[in-house]
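None of these values were measured; they are calculated from a predicted model.
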Amino acid sequence: MTDAGGAPVKDLVAAVDRAARLWPDRPAWTFDPGECLTFADVRRRSLGLAAALADRGIVAGDRVAVMLDNRAEFPLTWLALARLGAAMVPLNPQYRTEDAGHILEHSGAAALVTNAALAQTRADVPVLEVEQLPQGLEELPERRVAAEDTVNIQYTSGTTGRPKGCVLSHRYWMELGGGLVSEFPHLTADDTMLTAQAFSYIDPQWNVVAALLAGAHLVILDAFHPSTFWAKVREHDVTYFYCLAAMPNLLLKMPADALDRSHRVRVVQCSAIPPARHAEIEQRWGVKWYEAFGMTETGADLRVTDVDHDELLGTGCVGAATRAREARIVDALDLPVPRGEIGELVLRGAGLMDRYEGDPEATAAAFRGGWFHTGDLARMDDAGRVYLVGRLKDMIRRAGENVSAREVEDVLLSHAAVRLAAVVAVPDDVRGEEVKAFVSADGEVVVAELAEFCEQRLARFKVPRYWEVCDDLPVTDSHRVAKARLVAAPGRTWDRVDGTWR
């Protein structure tokens with residue numbers, strides 16, 4: 001992607017200006033429910049917001065928290081801050097004083113942009129109510145934006161502890177969004193994209209960038225609703241969407257519909273497609289689903305493409321490195337392991353995060369040796385394609401045997417009644433650690449039957465001893481189960497060994 005002078009587009013501001021010049025009257029964003037903006041509208045209103053924020057004292061280098069639902073003002077504020085040289089700190093609108101307070105303090109936020117309904121719940125920083133920020137076109141002093149300028153302090157989901165603030169630059173976003181245009185899935189101005197996650201999470205943000213660079217129309221739902229998701233896909237003539245984690249299983253739980261295959265989707269990218277149900281997913285909706293791997297810290301790293309999809313269907317492979325990435329599997333000494341052996345997945349290349357905000361020790365540990373350490377256990381085949389095995393912190397050591405939480409979770413999720421599953425380690429005086437499963441299910445579920453289901457598919461030492469059935473499991477912004485919250489507040493548990501509830 002190049003600007004009017006033929007130079008590469010290196011920042012969000014240039015991307016907005018280019019899109020408004022090339023496709024001024026084309027629909028850029030449709031919020032459902034909500035308004036539709038053209039690319040010219042996006043530029044005009046983000047400029048107006050930038051002027052309003054500058055008038056209220058926001059300057060280059062400031063960090064500004066944004067706490068809003070999925071409405072136009074969220075990405076408009078992000079783009080406005082980028083134009084000012086300031087950085088956005090996204091906050092989940094469900095956060096309260098403790099979790100929001102930690103991020104506001106840790107990031108050094110100079111202000112909080114929110115709406116009137118949420119304004120009264122946060123008093124630690126100056127509050128700017130979005131309804132009082134004009135969005136008309138106003139002149140701004142010219143300011144040069146550099147690719148290395150910080151544009152986000154993006155906090156991780158915190159599945160195992162306190163969220164960490166990832167410092168993300170314009171270069172990060174250009175690599176992430178641009179790679180989806182120049183490489184598979186080759187997004188173009190003919191595409192209609194859809195996202196259903198909260199804008200406080202990273203996926204809707206890279207959807208915005210990719211759509212700006214491609215000239216694609218982006219549809220933003222208020223949230224992910226499994227019962228109406230495909231109806232929205234059909235209604236908006238969507239051709240591409242990305243989903244992750246629990247979403248495929250939740251969609252499969254919905255009743256089959258005669259219209260399941262009546263859509264225009266050409267590509268679905270997804271992280272953590274359940275391998276045992278991959279073929280079933282494609283058969284039901286009549287479109288190929290492609291695995292992809294990325295992290296808040298690293299952007300888009302690995303993906304399956306149209307070249308190897310059929311070969312890898314149902315294998316759980318997350319694909320090979322993108323053009324901007326190198327991937328390697330290393331041992332505990334950070335030495336490469338032979339192909340096929342399990343080790344930690346490490347990555348390097350252009351457009352990774354700059355650092356963890358305020359945490360030089362964590363940054364140094366993550367980037368030791370010049371490679372980012374993902375914390376994921378994986379193996380690589382002879383073609384350089386990666387297969388995830390589990391998380392380093394999710395490996396359970398039971399009586400000298402290693403149990404991958406992910407492997408057990410994948411088996412549980414293949415059971416017709418199970419909606420969500422999480423497997424964790426619990427201390428055990430005899431075996432060091434034991435395996436515990438948390439499950440939420442549709443209707444009544446008998447844990448003894450689930451245990452037997454696992455015994456038929458896994459080595460006996462991998463079958464959870466302890467079981468807890470929950471109405472629902474807490475999830476992070478990225479729809480991954482928040483295991484730390486489950487472990488911190490355990491409930492009534494069934495012991496498979498002695499057959500009793502505790």
Side-chain angles (χ1 to χ4, degrees), residues 157-162 244-250 252-253 272 274-277 316 342 375-378 388-476 478-502:
S157 299
T159 54
T160 57
R162 281 282 200 182
L244 77 170
M247 293 180 181
N249 272 298
L250 294 174
L252 280 172
K253 301 297 182 186
R277 309 194 75 176
I342 294 173
D376 284 294
L377 291 170
L388 297 182
V389 175
R391 293 285 294 169
L392 278 171
K393 293 181 180 179
D394 271 353
M395 192 59 67
I396 302 162
R397 186 72 170 170
R398 181 188 184 274
E401 298 280 4
N402 287 324
V403 180
S404 164
R406 176 180 173 137
E407 181 183 21
V408 182
E409 289 162 358
D410 282 345
V411 168
L412 287 169
L413 289 170
S414 70
H415 189 283
V418 174
R419 188 166 61 249
L420 288 175
V423 172
V424 302
V426 293
D428 185 84
D429 292 338
V430 176
R431 296 172 179 83
E433 290 181 330
E434 264 291 2
V435 185
K436 180 175 181 178
F438 296 83
V439 296
S440 66
D442 296 316
E444 293 292 326
V445 62
V446 179
V447 290
E449 294 178 0
L450 285 181
E452 183 180 355
F453 181 82
C454 290
E455 286 179 348
Q456 294 169 356
R457 291 160 175 81
L458 295 169
R460 187 172 180 81
F461 69 83
K462 299 179 182 179
V463 178
R465 172 175 178 174
Y466 301 111
W467 297 77
E468 186 173 331
V469 180
C470 310
D471 292 336
D472 209 350
L473 302 185
V475 295
T476 67
S478 53
H479 290 269
R480 293 179 173 86
V481 176
K483 293 186 178 181
R485 289 162 60 185
L486 286 172
V487 173
R492 189 165 179 260
T493 299
W494 185 66
D495 185 334
R496 178 175 62 89
V497 173
D498 61 22
T500 61
W501 287 92
R502 300 178 182 178

**Prompt:** Under 4.0 Å between a Lys/Arg side-chain N and an Asp/Glu carboxylate O for R502 and D495?
**Reply:** yes

**Request:** Indicate yes or no: at least one non-hydrogen side-chain atom of D472 is less than 4.5 angstrom from one of L420.
**Result:** yes

**Asked** Does S404 use its side chain to pair, donor to acceptor, with the backbone of V389 at less than 3.5 Å?
**Response** yes

**Item:** Expected output: side-chain R419 to main-chain A441 donor-acceptor under 3.5 Å
**Value:** yes

**Fill in**
All heavy atoms of W467 vs all of W501, minimum pair found to be O-CZ3, 4.3 Å

**Prompt:** Which value, rounded to the nearest 0.5 Å, describes the distance between D428 atom CG and I396 atom CD1?
**Reply:** 12.0 Å

**Fill in**
Closest non-hydrogen atoms of V475 and R485, given as atom of the first, atom of the second and distance, are O-NH1, 3.8 Å

**Message:** Side chains of R391 and L377, heavy atoms from C-beta outward: is any pair under 4.5 Å?
**Reply:** no

**Request:** Identify the residue among V497, D429, V426 that makes a side-chain contact (heavy atoms from CB on, under 4.5 Å) with E434.
**Result:** V426

**Working for side-chain contact (heavy atoms from CB on, under 4.5 Å), residues R406 and D394** = CA-CA 8 Å; R406 176 180 173 137; D394 271 353; over 6 Å; no

**Request:** For side-chain contact (heavy atoms from CB on, under 4.5 Å), just list the numbers for L473 and L486, CA-CA rounded to whole Å, side-chain angles, deciding distance to a tenth of an Å, and then say yes or no.
**Result:** CA-CA 8 Å; L473 302 185; L486 286 172; 4.1 Å; yes

**Reported NZ-to-CZ distance for the pair K436 and R465, which is rounded to 0.5 angstrom** = 12.5 Å

**Message:** If the test is side-chain contact (heavy atoms from CB on, under 4.5 Å), which one of R457, E449, E455 qualifies with F453?
**Reply:** R457

**Fill in**
Contacts of A448 meeting side-chain contact (heavy atoms from CB on, under 4.5 Å) (sequence neighbours excluded), chain-then-number -> V446, W494

**Request:** Enter the distance from Y466:OH to T493:OG1 here, rounded to the nearest 0.5 Å.
**Result:** 9.0 Å

**Asked** M395 and V403: side-chain contact (heavy atoms from CB on, under 4.5 Å), yes or no, with the steps?
**Response** CA-CA 6 Å; M395 192 59 67; V403 180; 5.6 Å; no

**Asked** So, the side chain of E468 versus the backbone of F438: is there a donor-acceptor pair under 3.5 Å, distance only?
**Response** no

**Message:** side-chain contact (heavy atoms from CB on, under 4.5 Å) for L450 and V418? Distances and angles first, verdict last.
**Reply:** CA-CA 9 Å; L450 285 181; V418 174; 3.9 Å; yes

Exercise answer: donor-acceptor pairs, residues 407-417 side-chain atoms, under 3.5 Å, sequence neighbours excluded:
| residue | atom | partner | partner atom | Å |
| --- | --- | --- | --- | --- |
| E407 | OE1 | K462 | NZ | 3.0 |
| E407 | OE2 | K462 | NZ | 3.2 |
| E409 | OE2 | V423 | N | 2.9 |
| E409 | OE2 | K483 | NZ | 2.7 |
| S414 | OG | V411 | O | 2.5 |
| H415 | ND1 | A417 | N | 3.0 |

**Main-chain N/O of V463 paired to R496 side chain as donor or acceptor, under 3.5 Å** = yes

